[in-house]
Colleague: 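Sending over a structure as structure tokens; questions will come in a sec.
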Protein chains: 2
Amino acid sequence: MEIKPELCRVDDALGILTGKWKPIILLHLLTKGTQRFSELKRNMPGITQKMLTNQLRDLEEEDIVQRVVYPQVPPKVEYSMTDYGKSLEPILRAMHDWGAKHSVHKKQKMVSE
Amino acid sequence: MEIKPELCRVDDALGILTGKWKPIILLHLLTKGTQRFSELKRNMPGITQKMLTNQLRDLEEEDIVQRVVYPQVPPKVEYSMTDYGKSLEPILRAMHDWGAKHSVHKKQKMVSE
DNA sequence: CAGGATCCTCCAAGATACTG
DNA sequence: CAGTATCTTGGAGGATCCTG
């Protein structure tokens, strides 16, 4: 597909992925499958409940993640990628692969200084 | 390459691409090649000089775009992608392709409501 | 356990004006 | 033509406390 900057919707993808924690949330859900709220929180040191909730709500609203509530005590809520959300994987993968090279690039710049 | 959320550098790529105008600047430079400041500005309705300058400075600092100043009157400054910057193309292309599908997805949701 | 409700901080983004 | 220099503001991000 040819890229046409004028009518291109790159910003749509970016709008979904940007947010300080969204990329890593998606990576966790993509690689490890369905996870509970507390599991996600445990796997992301530094994130607050509020932020995790906010980001998940955003992603849910965009139909990227699915939220399933089990009506029981104590509460149990599971999050997973929707099929639509899984379509983001090529983007995340491209960024991941690039990120690996990037760290090398940075190191090379360091050395040459 | 396997994705490992914990040590993954997805945020590096995102840090470079986020910025309200960076993606479209990069798309213009990737598809049309070297361009002058005024050409870029003309092709991006709504952007202010300040923002264009800021974003270009950021990208230059990251070694993504190259800035060439011709010492003449009136001034002439050309911007182009570095080889390193061109390595971002797969990411932008992935986002572009996804964006095309996304618009369809949104339309389908509209219809089903 | 999985949040909701508040309050606060900070800075990207924009508007505007000036200049070599 | 291609920038700097200020000033301002909305909202993302964070800290903290409360609850079914």
Side-chain angles (χ1 to χ4, degrees), chain A residues 5 10-29 32-62 64-81, chain B residues 5 10-29 32-62 64-81:
Chain A
V10 168
D11 287 338
D12 289 343
L14 227 46
I16 289 173
L17 294 175
T18 56
K20 194 166 182 184
W21 302 94
K22 285 176 191 168
I24 197 158
I25 289 173
L26 295 178
L27 286 172
H28 275 288
L29 290 177
K32 300 181 184 174
T34 302
Q35 275 183 282
R36 298 183 58 168
F37 186 86
S38 54
E39 288 180 287
L40 285 170
K41 180 152 168 37
R42 200 175 321 123
N43 287 328
M44 287 181 275
I47 197 171
T48 62
Q49 290 121 338
K50 181 201 167 185
M51 286 314 297
L52 183 53
T53 303
N54 282 353
Q55 309 278 295
L56 285 169
R57 287 290 181 283
D58 287 352
L59 294 170
E60 190 189 357
E61 206 159 321
E62 298 277 6
I64 303 300
V65 305
Q66 190 182 13
R67 179 168 177 267
V68 178
V69 182
Y70 296 84
Q72 62 185 43
V73 179
K76 175 179 173 182
V77 180
E78 284 185 341
Y79 293 90
S80 57
M81 299 295 286
Chain B
V10 168
D11 287 338
D12 289 342
L14 227 48
I16 289 173
L17 293 176
T18 55
K20 193 166 183 183
W21 303 94
K22 285 176 192 169
I24 197 159
I25 290 173
L26 295 178
L27 286 173
H28 275 288
L29 290 178
K32 300 180 183 173
T34 303
Q35 274 182 286
R36 296 184 58 169
F37 185 87
S38 54
E39 287 180 286
L40 285 170
K41 179 152 168 38
R42 200 176 320 123
N43 288 328
M44 287 180 274
I47 197 171
T48 61
Q49 290 122 336
K50 181 200 166 185
M51 286 314 297
L52 183 52
T53 304
N54 282 355
Q55 309 279 296
L56 285 169
R57 287 290 182 282
D58 287 352
L59 293 170
E60 190 188 354
E61 206 160 321
E62 298 277 5
I64 302 299
V65 305
Q66 189 181 15
R67 178 169 177 265
V68 178
V69 182
Y70 295 84
Q72 62 186 41
V73 178
K76 176 180 173 182
V77 181
E78 285 185 342
Y79 293 91
S80 57
M81 299 296 285

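Here is how names work: the chains are called A, B, and so on, in the same order as the sequence lines, proteins then strands, and each is numbered from 1. The shown structure was predicted, so the numbers you read here are calculated from the model rather than taken from an experiment.
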Colleague: Among D:dA15, D:dA2, C:dA15, which nucleotide sits nearest the side chain of B:T48?
Modeller: C:dA15
Colleague: Taking all heavy atoms of A:H28 and all of A:Q35, pick out the closest pair and write down the distance.
Modeller: O-OE1, 3.6 Å
Colleague: State which of D:dC17, C:dG14, D:dC1 makes the closest approach to the side chain of B:K20.
Modeller: C:dG14
Colleague: Without swapping roles, check the side chain of A:K41 against the backbone of A:I47 for a donor-acceptor pair under 3.5 Å.
Modeller: yes
Colleague: Compare side-chain N and O positions of A:R36 against OP1 and OP2 of C:dC1 and report whether any pair is under 4.0 Å apart.
Modeller: no
Colleague: Can you confirm whether the side chains of B:E78 and B:Y70 place a donor and an acceptor under 3.5 Å from each other?
Modeller: yes
Colleague: Just N and O in the side chain of B:Y79: are any of them under 4.0 Å from OP1 or OP2 of D:dG3?
Modeller: yes
Colleague: Quickly work out the A:L56 CG to D:dG13 P distance and round it to whole Å.
Modeller: 13 Å
Colleague: Measuring from the side chain of B:T53 (C-beta onward, heavy atoms only), which nucleotide among D:dC1, C:dG3, D:dG3 has the closest atom?
Modeller: D:dG3
Colleague: Under 4.0 Å between a side-chain N/O of A:Q55 and OP1 or OP2 of D:dG13, yes or no?
Modeller: yes
Colleague: So if I take every side-chain heavy atom of B:P74 and compare against D:dT4, C:dA15, D:dC1, which nucleotide ends up nearest?
Modeller: D:dC1
Colleague: Does OP1 or OP2 of D:dA2 have a side-chain N or O of B:S38 closer than 4.0 Å?
Modeller: yes
Colleague: Which pair of non-hydrogen atoms, one from B:L29 and one from B:Y79, has the smallest distance, and what is that distance?
Modeller: CD2-O, 3.5 Å
Colleague: If you go through the side-chain atoms of B:K50, does one of them form a donor-acceptor pair with the base of D:dG3 closer than 3.5 Å?
Modeller: no
Colleague: Out of D:dG14, D:dG3, C:dA2, which has the shortest distance to the side chain of B:R57?
Modeller: D:dG3
Colleague: Indicate whether OP1 or OP2 belonging to D:dA2 is found under 4.0 Å from a side-chain N or O atom of B:R67.
Modeller: no
